[in-house]
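I have placed the structure first, in the form of structure tokens, so that the comments after it can refer back to it.
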Amino acid sequence: MAFERISDLGDLSGKRALVRVDLNVPMQGGIVTDDTRLQAVKPTVDAVIAAGGRCVLLAHFGRPKGQIVPEMSLRPVVPALAEVLGRPVGFNLLGEVLSNENVIVLENTRFEAGEEKNDSELASRYAALGDVYINDAFSCAHRAHASTEALARLLPAAAGETMGAELAALDNALGTPKPPVVAVVGGAKVSSKLAVLENLVTRVDHLIIGGGMANTFLYAQGVDVGASLCEKDLKETALAILANAEKAGCQVHLPVDVVVAKEFKTNAENKTVAIDDVASDEMILDAGPETVTMLCKVLESADTLVWNGPMGAFEMEPFDQATVALAQKAASLTEKGALLSVAGGGDTVAALAHAGAKNSFTHISTAGGAFLEWMEGRVLPGVEALTS
Ligand code: ADP
Ligand code: MG
């Protein structure tokens with residue numbers, strides 16, 4: 001996908017860039033507890049300032065729904081941002097005369113009723129504050145809001161450094177990937193990822209289905225899944241996805257053995273059984289070792305991996321084992337240069353970190369909803385607005 005970059009915006013000296021960023025950081029008692037998202041702002045701010053420009057940062061915080069909610073002000077984020085950027089950072093409300101700093105944070109965009117309505121009048125008020133627009137918040141690009149979409153139509157617009165890197169990494173994984181491509185889709189429910197599965201079967205060579213969602217597919221194929229999490233009403237849907245996969249030449253991999261327990265808790269008494277040996281009072285909480293061996297071979301045969309959703313109830317030991325083993329396999333193949341690996345999703349990122357594999361992946365997306373919509377094959381409105 002061709003989109004404009006900062007260098008396409010021409011001479012920035014003396015100009016002001018409106019930069020949409022993600023400042024939705026975790027806070028406790030007015031203190032930022034994780035500055036990952038603030039770090040992600042730095043490359044674009046540095047690039048604009050190096051080009052002689054100044055930045056007005058637009059961002060939302062929480063869900064104030066068009067009301068001024070003082071606890072959701074962006075003001076407490078400013079000192080932490082200034083520290084990460086290594087520069088003074090000003091703070092203004094929309095409508096105030098902008099202060100003198102080279103970097104200014106504007107108050108929570110969602111305090112404005114027009115923001116989530118993609119209101120063109122609000123976008124015009126933002127546009128009046130700058131000369132060019134840069135979107136550096138991929139995590140917000142699935143929403144057509146005034147600061148992510150309408151504004152991009154009013155000024156010369158480009159993707160920022162962090163967003164550009166994310167789009168390039170995602171394109172390498174699903175847009176124009178090197179085959180064979182394998183997708184891992186796991187997690188709790190099929191219903192939350194139907195569109196993802198439907199898109200992937202037409203795009204990848206291997207689809208590994210794990211976690212609770214595998215149970216629904218196994219059930220659809222006539223397997224007794226006992227007391228497992230299972231969406232029985234999605235039987236026909238699951239069968240249709242399998243049929244589409246076959247038509248598209250996508251090989252689907254489901255567990256052949258599983259770890260079962262009678263209680264859903266850490267260190268619950270458990271055993272490994274073949275997939276047709278699950279008792280009526282047992283729950284499938286992880287894939288078994290035979291499945292892991294089989295899936296590692298699939299990873300070895302692949303050149304590209306895209307992963308969303310854990311293979312089991314990984315938060316509870318020992319039901320993290322299949323997820324950990326597969327994550328470590330993907331990490332070591334990536335380190336060897338044999339695999340391009342991209343993963344995303346809140347629980348997935350936590351699971352990869354738990355496995356000690358996170359830093360070895362080619363790219364980890366921290367964008368939850370936007371990452372899933374991208375896996376659904378959708379064009380994100382905030383990205384579309386930046387296309388050349
Ligand atoms: P992500 O946040 O990465 O998109 P999901 O939210 O879809 O992932 O799925 C993660 C959840 O799925 C985890 O809480 C995990 O415990 C749960 N899960 C995985 N396998 C099972 C299973 N066999 N039974 C019940 N829950 C499971
Ligand atoms: Mg989740």
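Start at 1 and go down the list; that is how both ligands and their atoms are numbered. Treat the numbers as computed from the prediction; the structure is a model and nothing was measured.
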Donor-acceptor pairs under 3.5 angstrom involving side-chain atoms of residues 58-86: please list them, not counting sequence neighbours.
residue: H60; atom: ND1; partner: R20; partner atom: NH2; Å: 3.0
residue: H60; atom: NE2; partner: N24; partner atom: ND2; Å: 3.4
residue: S73; atom: OG; partner: R75; partner atom: N; Å: 3.0
residue: S73; atom: OG; partner: E107; partner atom: OE1; Å: 3.4
residue: S73; atom: OG; partner: E107; partner atom: OE2; Å: 2.8

Are any of the side-chain nitrogens in K42 or D136 under 4.0 Å away from the carboxylate oxygens of its partner?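 The answer is no: the pair does not qualify as a salt bridge.
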
Can you tell me the N, O or S atom of D347 that's nearest the Mg ion (ligand 2)?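 Nearest N/O/S atom of D347: OD2.
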
Which heavy atom in F371 sits nearest to a heavy atom in G345, and how many Å separate them?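 Nearest pair, atom of F371 first, then G345: CD2-N, 4.1 Å.
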
E315 atom CD, neighbour heavy-atom count above 12 within 6.0 Å: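 Yes - once you tally the heavy atoms of other residues, nucleotides and ligands closer than 6.0 Å, there are more than 12.
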
For ligand 1, would you mind listing the residues that have at least one heavy atom less than 4.0 Å away, ordered by chain and number?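 Shell around ligand 1 (4.0 Å, heavy atoms): G187, A188, K193, G211, G212, L229, F264, I284, L285, N308, P310, G312, A313, E315, G345, G346, D347, T348.
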
Mind checking what makes salt bridge (charged side-chain N to carboxylate O under 4.0 Å, His left out) contact with E373, not counting sequence neighbours?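 Only R378 meet the salt bridge (charged side-chain N to carboxylate O under 4.0 Å, His left out) criterion with E373.
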
Could you pull out all donor-acceptor pairs under 3.5 Å where a side-chain atom in residues 266-274 meets a protein atom, sequence neighbours excluded?
residue: N270; atom: ND2; partner: A268; partner atom: O; Å: 2.9
residue: K271; atom: NZ; partner: E282; partner atom: OE2; Å: 3.3

